[in-house]
Number of protein chains: 2
Amino acid sequence: MTVSKTSEKPAEAARGRKDAAEGASEALQLGELSEQLGYVLKRAQLKVFENFLRCMASLQLTPAQFSVLLLVEKNPGRNQTEVASTLGILRPNFVALLDNLESRDLCARIRSTNDRRSHILVLTDKGKAVLARAKKLVATKHEARLNELLGPANRAALLEMLSKIANEF
Amino acid sequence: MTVSKTSEKPAEAARGRKDAAEGASEALQLGELSEQLGYVLKRAQLKVFENFLRCMASLQLTPAQFSVLLLVEKNPGRNQTEVASTLGILRPNFVALLDNLESRDLCARIRSTNDRRSHILVLTDKGKAVLARAKKLVATKHEARLNELLGPANRAALLEMLSKIANEF
DNA sequence: CGATATTTGATATGGTTCATAACAATTATC
DNA sequence: GATAATTGTTATGAACCATATCAAATATCG
């Protein structure tokens with residue numbers, strides 16, 4: 001982990017007021033830390049989530065909520081267990097997440113007629129509309145920033161390597 | 001968000017017993033999700049941390065603890081504020097982390113003579129020895145797995161891109 | 001059919017991580 | 001020398017993650 005969100009700008013906040021005065025204690029050497037995959041990965045992930053939240057501020061969607069809307073749109077009619085486990089979310093924790101989306105009228109639970117235990121998930125019209133706007137924001141503000149920073153080819157390569165790690169590590 | 005640790009194997013657990021029976025409800029389509037940087041990044045990060053913990057099981061070191069040891073070894077004589085903020089850890093949260101390392105005799109707090117407010121951090125002999133063993137474990141078990149999966153060139157490219165994101169996003 | 005086991009959504013609960021406010025001791029500022 | 005700022009610390013709350021358990025509904029199998 002090693003990193004926080006709004007808190008400290010890692011290498012920045014290290015050298016404080018002292019610098020102006022006398023000793024000017026220099027910045028710390030990261031050393032082997034900057035070669036540690038986990039360290040860099042975590043840092044990058046926090047930055048990306050931070051940026052995502054800023055881009056989505058107007059829609060008030062977290063990465064988790066966005067991923068649920070995306071998945072339900074692509075797979076309407078699936079139940080909570082299926083959607084949650086596909087996202088790696090535990091069913092108990094998925095309940096509050098859904099409560100939130102449902103209370104905002106973005107998503108609806110419908111009792112299944114086949115299996116009256118399960119709740120079928122679908123996006124409401126508002127949910128579809130909000131998701132459409134969210135996609136545009138992500139594309140133009142968030143993912144575009146990536147292309148700008150890495151270039152399309154590198155961006156694709158990065159995604160592929162991360163997928164490989166996520167699936168085969 | 002989106003993913004858990006020991007819990008669910010995302011795409012795996014989705015299709016449960018039903019498959020054997022009749023309808024065999026198929027796996028969900030990830031769709032645009034697999035193109036979302038944040039989603040893939042988070043997944044990869046969880047996998048990497050999980051693997052790190054397994055590799056370090058014999059030494060009982062978390063990624064955060066390992067990063068502290070690495071940083072203190074490279075920068076002996078710095079105080080808590082400097083080390084914590086370099087790692088992006090808030091000072092209040094750094095206290096318990098240090099308490100742990102100190103109670104295991106891996107690291108020591110020494111009252112500074114210049115500024116009697118601050119605690120100078122150093123590794124104990126045991127701390128140095130444990131860190132040396134940890135480095136070997138990480139190199140041979142953890143990072144080696146990466147080279148095996150991506151190849152050295154790709155591994156380097158990945159690290160560089162992640163650093164860029166972490167620093168410039 | 002009918003007893004038993006399983007699945008689904010939900011609740012309660014505890015652990016871990018992250019963030020803020022406040023405090024005493026010490027030092028810096030002016 | 002009075003006031004402000006810094007250091008380590010405590011207390012505390014929010015958010016996220018994980019486990020056990022429950023009632024309702026369904027599946028399984030004798």
Side-chain angles (χ1 to χ4, degrees), chain A residues 1-10 13-23 25 42 45-46 49-50 53 62-65 67 78-85 87-100 102 108-121, chain B residues 1-10 13-23 25 42 45-46 49-50 53 62-65 67 78-85 87-100 102 108-121:
Chain A
M1 10 134 345
T2 306
V3 170
S4 54
K5 285 163 195 166
T6 62
S7 56
E8 307 269 350
K9 295 277 181 140
R15 39 151 178 68
R17 169 121 332 93
K18 249 184 183 174
D19 293 18
E22 43 115 4
S25 66
K42 178 85 184 189
Q45 186 260 313
L46 287 175
F49 269 43
E50 200 184 319
L53 286 172
T62 66
Q65 293 167 340
S67 69
R78 298 308 193 105
N79 67 27
Q80 295 183 201
T81 296
E82 292 173 318
V83 173
S85 78
L87 292 173
I89 301 174
L90 294 171
R91 273 138 339 211
N93 298 330
F94 193 53
V95 174
L97 209 173
L98 261 192
D99 285 348
N100 182 331
E102 202 175 22
R109 295 184 237 225
I110 305 177
R111 276 239 112 81
S112 168
T113 52
N114 307 330
D115 186 339
R116 303 214 327 269
R117 286 171 299 187
S118 56
H119 291 167
I120 291 314
L121 299 182
Chain B
M1 58 112 4
T2 306
V3 171
S4 53
K5 284 163 196 163
T6 64
S7 55
E8 307 271 351
K9 296 274 181 144
R15 40 150 179 71
R17 170 119 331 99
K18 247 183 183 174
D19 293 18
E22 45 114 5
S25 64
K42 176 84 185 190
Q45 185 260 314
L46 287 176
F49 268 43
E50 199 183 321
L53 287 173
T62 67
Q65 293 167 339
S67 69
R78 298 307 193 105
N79 67 27
Q80 296 183 198
T81 296
E82 292 173 317
V83 173
S85 79
L87 291 174
I89 301 174
L90 293 172
R91 274 140 338 217
N93 298 331
F94 194 52
V95 174
L97 208 173
L98 262 192
D99 286 347
N100 182 331
E102 203 176 22
R109 296 185 237 225
I110 305 177
R111 275 240 112 79
S112 167
T113 52
N114 306 331
D115 185 341
R116 303 217 324 271
R117 287 172 297 189
S118 56
H119 292 166
I120 289 313
L121 300 181

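Throughout, a chain's letter reflects where its sequence line sits, starting with A, and its residues are numbered from 1.
- When the side-chain nitrogen and oxygen atoms of B:Arg117 are compared with OP1 and OP2 of C:dT27, none of them lie within a distance under 4.0 Å.
- Between the P atom of C:dT27 and the CG atom of B:Asn79 lies a distance of 13 Å, rounded to the nearest Å.
- Between A:Leu98 and A:Gln80 the shortest side-chain heavy-atom distance falls below 4.5 Å.
- A heavy-atom distance below 4.5 Å is not found between the side chains of A:Leu90 and A:Ser85.
- Between A:Thr81 and C:dG9, a side-chain N or O to OP1/OP2 separation shorter than 4.0 Å is present.
- Taking side-chain N and O atoms only, A:Arg109 has a distance below 4.0 Å to OP1 or OP2 of C:dA10.
- What separates NZ of A:Lys42 from C1' of C:dT16 is a distance of 11 Å, to the nearest Å.
- For A:Arg109, the salt bridge (Lys or Arg N to Asp or Glu O under 4.0 Å) partners two or more places apart in sequence, or in a different chain, are A:Asp99, A:Glu102.
- Taking atom CG of residue A:Asn100 and atom P of nucleotide D:dA15, one finds them 11 Å apart after rounding to whole Å.
- Taking atom CD of A:Glu82 as the reference point, atom P of C:dT8 lies 8 Å away to the nearest angstrom.
- Atom pair A:Arg111:CZ and D:dA24:P shows a separation of 11 Å (rounding to whole Å applied).
- Of the two residues near DNA chain C, B:Asn114 and A:Leu98, the one whose nearest nucleotide lies more 5' is A:Leu98.
- For B:Arg116, the salt bridge (Lys or Arg N to Asp or Glu O under 4.0 Å) criterion is met by no residue, not counting sequence neighbours.
- Between the CD1 atom of B:Ile120 and the C1' atom of D:dT7 there is a distance of 11 Å, rounded to whole Å.
- A heavy-atom distance below 4.5 Å is not found between the side chains of B:His119 and B:Asn79.
- Taking the side chain of B:Arg116 as heavy atoms from C-beta on, and the options D:dT9, C:dT27, C:dA10, the nearest nucleotide is C:dT27.
- Rounding to whole angstrom units, CZ of residue A:Arg91 and P of C:dT6 are separated by 15 Å.
- In terms of position on DNA chain C, the residue among B:Asn93 and A:Gln80 whose nearest nucleotide sits closer to the 5' end is A:Gln80.
- In this entry the distance linking CZ of A:Phe94 with C1' of D:dA18 reads 17 Å, nearest Å.
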Pairs under 3.5 Å (N/O, protein and nucleotides 20-22 of chain D):
none

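- Contact annotation: the side chain of B:Leu53 never approaches that of B:Glu50 to less than 4.5 Å [non-hydrogen atoms, C-beta and beyond].
- Note on B:Asp99: nothing from the nucleic acid sits closer than 4.0 angstrom, heavy atoms only.
- By the side chain to side chain donor-acceptor pair (under 3.5 Å) test, A:Asn100 pairs with A:Arg104, sequence neighbours left out.
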